[in-house]
**Student:** 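Got a structure for you, questions after.
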Number of protein chains: 2
Amino acid sequence: MGDQEFKNAVKTTLKTIGGKWKPVILCFLKEGVMRFSELKREIPEITEKMLAQQLRELEQDGIISRKVYPQVPPKVEYSLTEYGQTIQEVLDVMYKWGRQHQKRIREKA
Amino acid sequence: MGDQEFKNAVKTTLKTIGGKWKPVILCFLKEGVMRFSELKREIPEITEKMLAQQLRELEQDGIISRKVYPQVPPKVEYSLTEYGQTIQEVLDVMYKWGRQHQKRIREKA
DNA sequence: CGGTATCCCAAGCGATACTG
DNA sequence: CAGTATCGCTTGGGATACCG
């Protein structure tokens, strides 16, 4: 059945960019290159463990790239890969929908 | 900062239609009206508890509607509300991205 | 600065049994 | 058929401490 294929593709997307932190991280990285500490500052609720972990996973999936500057103190920059740019459309649609849904919630509350 | 608004909207979307089962359920309901048992048949891995629970939540958020036919044996139909139709765009984009991502995974594996 | 390592907790989810 | 109820577990995530 065709819907099984649809279902699996959607699951794949959510597995790759879903979860509690990945969409948030990507919201910031889509704006440009950011250092570890900058991400941490923009997302204060996240622990360093989770930030590092999620960044690793996104890197392994080819969504973001990690650039290490061999210097002291260390400097590491994260950015969307060319491939990673393709999730922007997904984020944008989720943003648009979420925005109007928030409005709807407020109105009927 | 503008990205905080973006972030929150995306979070709202994922809170409403994310998770393990909601996107899957919606993939089927977007095709039309379905009974509880039909959904269960299409999604064999889900337990009845989770199916019922997720359907309740989607109903409360106004995404789907529940129509009970007062008869024995019981008959309950689920379908997208008019408002619920609006998530189709989100699902479609997630489908498209997931589909090409699966392909990418297969190719480099 | 940019991480790991370790331990711990709670929510989400699953299995099973039961019901109108 | 379409659910609830109960219990138990897994796993995602948090707190804290430490390191190159």
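The basis for the numbers below is simple: all heavy atoms, side chains too, and nothing from hydrogens, waters or symmetry mates. Per chain, numbering begins at 1; letters A, B, ... match sequence-line order. Computed from a prediction, not measured in an experiment: that's the story for all the values here.
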**Student:** Does the side-chain hydrogen bond (donor to acceptor under 3.5 Å, both in side chains) test come out yes or no for B:Tyr95 and B:Gln100, once each step is laid out?
**Tutor:** CA-CA 9 Å; B:Tyr95 164 66; B:Gln100 65 78 29; over 6 Å; no

**Student:** Could you tell me whether B:Lys30 sits above the aromatic face of A:Phe6, with NZ or CZ closer than 6.0 angstrom to the six-membered ring centre and within 45 degrees of the axis?
**Tutor:** yes

**Student:** Could you run down nucleotides 2-17 of chain C 5' to 3' and tag each one B, S or - for protein heavy-atom contact under 4.0 Å?
**Tutor:** SBS-BB-----BBB--

**Student:** Calculate the interatomic distance between B:Leu51 atom CG and D:dC1 atom P; express it in whole Å.
**Tutor:** 14 Å

**Student:** Quickly work out the B:Glu42 CD to D:dA2 C1' distance and round it to whole Å.
**Tutor:** 17 Å

**Student:** Test your reading of the model: is there a side-chain donor-acceptor pair from B:Thr13 to the backbone of A:Gly98, 3.5 Å cut-off?
**Tutor:**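 Checked: pair present.
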
**Student:** Tell me whether A:Lys22 is salt-bridged to A:Glu57, with the criterion being a basic N under 4.0 Å from an acidic carboxylate O.
**Tutor:** yes

**Student:** With side chains defined as the heavy atoms from C-beta onward, is the minimum distance between B:Glu42 and B:Phe28 less than 4.5 Å?
**Tutor:**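 The answer is yes, as the side chains (C-beta and beyond) meet within the 4.5 Å cut-off.
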
**Student:** In plain terms, say whether B:Glu5 and A:Arg99 are close enough for a salt bridge, that is, a side-chain N and a carboxylate O under 4.0 Å apart.
**Tutor:** yes

**Student:** Between D:dT11 atom C1' and A:Lys15 atom NZ, what is the distance in whole Å?
**Tutor:**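 Interatomic distance, NZ of A:Lys15 to C1' of D:dT11: 13 Å.
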
**Student:** Between D:dA2 atom P and B:Ile43 atom CD1, what is the distance in whole Å?
**Tutor:**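 Going from B:Ile43 (CD1) to D:dA2 (P), I get 14 Å.
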
